[in-house]
Every structure is written in C-alpha cells, then in structure tokens.
Amino acid sequence: MPPEELRVSAWHDSILLDECQYVAHVTQKTLSDILAMGYNVSAEDVSRATSEAEDWDRYSDNDRLRDQLLNDNTADESSTRGYLRDEYVLVDFDGDGIAERRRIVRLGDLILENTECSHVPISAWTPYILTNQFNGPSIADLVEEFQRIHTTIQRNQLDNLALANNQESVVLTDAQGNPKADIDGLLNRRPGGIMLEHVQGAIRPYNERWQGIEAMPMLEQLQGEKENRTGWTRYSQGLDGDSLNKTATGAQMIMNASQKRMKLMARIAAECLVAPMFRGIFKTLSDHGMQQISYRLNGKFVKYDPQEWRDQYDMT
C-alpha cells in the first residue's frame, strides 16, 4: 500500500456520507506531518499506530511487515510512520438525548481531538451502487475477467501460429535410436538449404495446424457478454460495417440503451460526489466566512457576505 494512500470507511444505510453514523478517513502520516498539524505526539505514539489497518481486507501481512520494518530501520524519528484516523461519529456525547456529529482524530487508542462539527467534510461516489456496501464495482471490476480470458486466448493463438509457421521435423531412427538423417543439417536449417537422409522418408514435417480461426467465435462471445454487462457497446462509439441492424432507428435504440447506463453513473456522481462537496463548501463558507466574496451571476460580478447565507439555494 503506498504511504500516502487514502482510505474512507463508513457504517451507513445511505449513499451520502453526511447521513452515515460513522465515517473515517485514514491516512498514513509521519511524526513530522502530525506535529505540523498541531498535535503533540511522540514517535512511540506514531509507531504504535502502524497496525491501525489490521481489519482492512486489502491490508495484508506483507503490508504490516513492511511498515514495521520501515519504522525499525528509520534513524530519524521524524520519519516514523503511523495511521492517523480522522473520524466523524454521530453520537450523543453530551447526554442531552440528541445525537450530534463529532470529529475525532486519533492514533490507535490515543485521541488527539474530540470536537463537535457541523457536517462530514468528505464526499465519495461509486459508479454502481450496492446495498449495504460503501465500495461498489467499477467498470474495470465488471470486465476484468473478460479481459483476462481474452488475453489468454490471444496468447494461445499467437503461440499456435508460431508453431505452425516454424514446424518441427520427425526423424526416423533405428532400433538403437540412431537417426537415419543428418541431425546437424536439421538443427541449422536455412531457406534453400539441404537436409541429408540415409533412408528415404527418414525426414518428414510435423504439421502443426493453426487453430486460431476456431477461437474467433469465442472472442466474439466474450465481447458480447462484456457489452451486455457494462452497456458500453461498439455501437456507442460509432456503427461498424457488419451491423445487422443498419436502420437509423435501430442504431438509435442501441445507443440510447448504452447512454442510459452512462447517464446513470453521471447522475450518481452528481448526487453522491459533486452535490455533497459543494454543500460542504457552502456550509464552510456560511460558518467561517469572514469577508465578502465575489462571483458572477447573470453575467455580472456581485458581492455577497457568506455570513448571510442561512438557507440552501439552487445555483447554476
């Protein structure tokens, strides 16, 4: 796992992180990075947080061993690495019976910050939404197996073609296994060369038939299944000359079906990523904006005080 890889985990029953009960943003930080953030920690506190990701599926034993060896071999304590968790929890911390959103920053069991916050400043999306899962599949996940099979078949076709173009020879031998032909001439073949045989028919070609043409229907089947699963068809990129449905209406129906999937992914990105991100910007400006900002509205630049924004607005 790269040192600066970011991870987000969530317990939720909603596709929006701001509605989740628990959201965590986990990054690998050095002691120098954490001190620069204003937290008073020691190198021991940071090194103890190297096992923070033991419950992650993608965090393997090799990753943990690498992080441990990296810290053990670090001469400069400022380069000690650990996993810093930036958590946003919906909990009744003050005991008034109403759950409020709190931000908790911690290294392992060491809590560095526990403050109330207004929203979750994180937005994320996935191309395909799955029930009760934060990470849905991507386009690559849907077509990975087809690509792997496609590559294997093509590699076998090339291997078979290489054998067909460079055929081996069958040499007749006597009872003691002595060849009845000139082996040196067979091992050093050249175009227009001569091969000597001591008995007629001692040398004959071993015919390797190229069977690649028989694999072509399988490749076409894989392509069709991949298009059915993803919705990204060859027609959406332009009509091919072998199209069975060459009418304008038929082509338009195929392209519309493909575009519906793409529009769905775009809509999910807009509702789950872009809109929450700008709502977070709006919330930050209205809570902490201390001076007027300028923006263009209806072709004219206007000034407005973010402190006066108390309701949400639809803007284009």
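In plain terms, the two heavy atoms of Ile268 and Pro127 that are nearest each other are CD1-O, 3.5 Å. Considering all non-hydrogen atoms of both residues, Leu17 and Val120 come closest at O-CG2, 3.9 Å. What you find for Arg103 and Cys117 is that their closest heavy atoms are N-SG, 3.8 Å.
Atoms NZ and CG, from Lys303 and Leu297 in turn, are 15.5 Å apart once rounded to the nearest 0.5 Å.
No donor-acceptor distance shorter than 3.5 angstrom exists from the side chain of Gln28 to the backbone of Tyr83, with no hydrogens or angles considered. The closest donor-acceptor contact from the side chain of Arg85 to the backbone of His25 lies at 3.5 Å or more, if one exists at all. The backbone N or O of Gln157 sits nowhere less than 3.5 Å from a side-chain atom of Asn160 that would complete a donor-acceptor pair. For the pair Asp92 (side chain) and Asp96 (backbone), a donor-acceptor distance under 3.5 Å is present. Put simply, the side chain of Arg101 gets close to the backbone of Asp18: a donor and an acceptor are under 3.5 Å apart.
A salt bridge does not link Arg48 with Glu44: every distance from a Lys NZ or Arg NE/NH1/NH2 to an Asp or Glu carboxylate oxygen is 4.0 Å or more.
The side-chain hydrogen bond (donor to acceptor under 3.5 Å, both in side chains) test with Tyr39 singles out one residue from Lys29, Arg106, Glu113, and that residue is Glu113.
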Given Met265 and Tyr128, is the side-chain contact (heavy atoms from CB on, under 4.5 Å) satisfied, shown in steps? CA-CA 7 Å; Met265 284 189 288; Tyr128 294 94; 4.1 Å; yes
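Hydrophobic clustering, with ILVMFWY side chains joined whenever heavy atoms are under 4.5 angstrom apart, groups Leu16 together with Leu264. In terms of hydrophobic clustering, with Ile, Leu, Val, Met, Phe, Trp and Tyr side chains grouped at heavy-atom distances under 4.5 Å, Leu187 and Val171 are assigned to a common cluster.
Atom CG of Asn40 has 12 or fewer neighbouring heavy atoms from other residues, nucleotides or ligands inside a 6.0 Å radius. The number of heavy-atom neighbours closer than 6.0 Å to CD of Glu116, taken from other residues, nucleotides and ligands shown, is above 12.
The shortest side-chain heavy-atom distance between Thr30 and Thr80 does not fall under the 4.5 Å cut-off.
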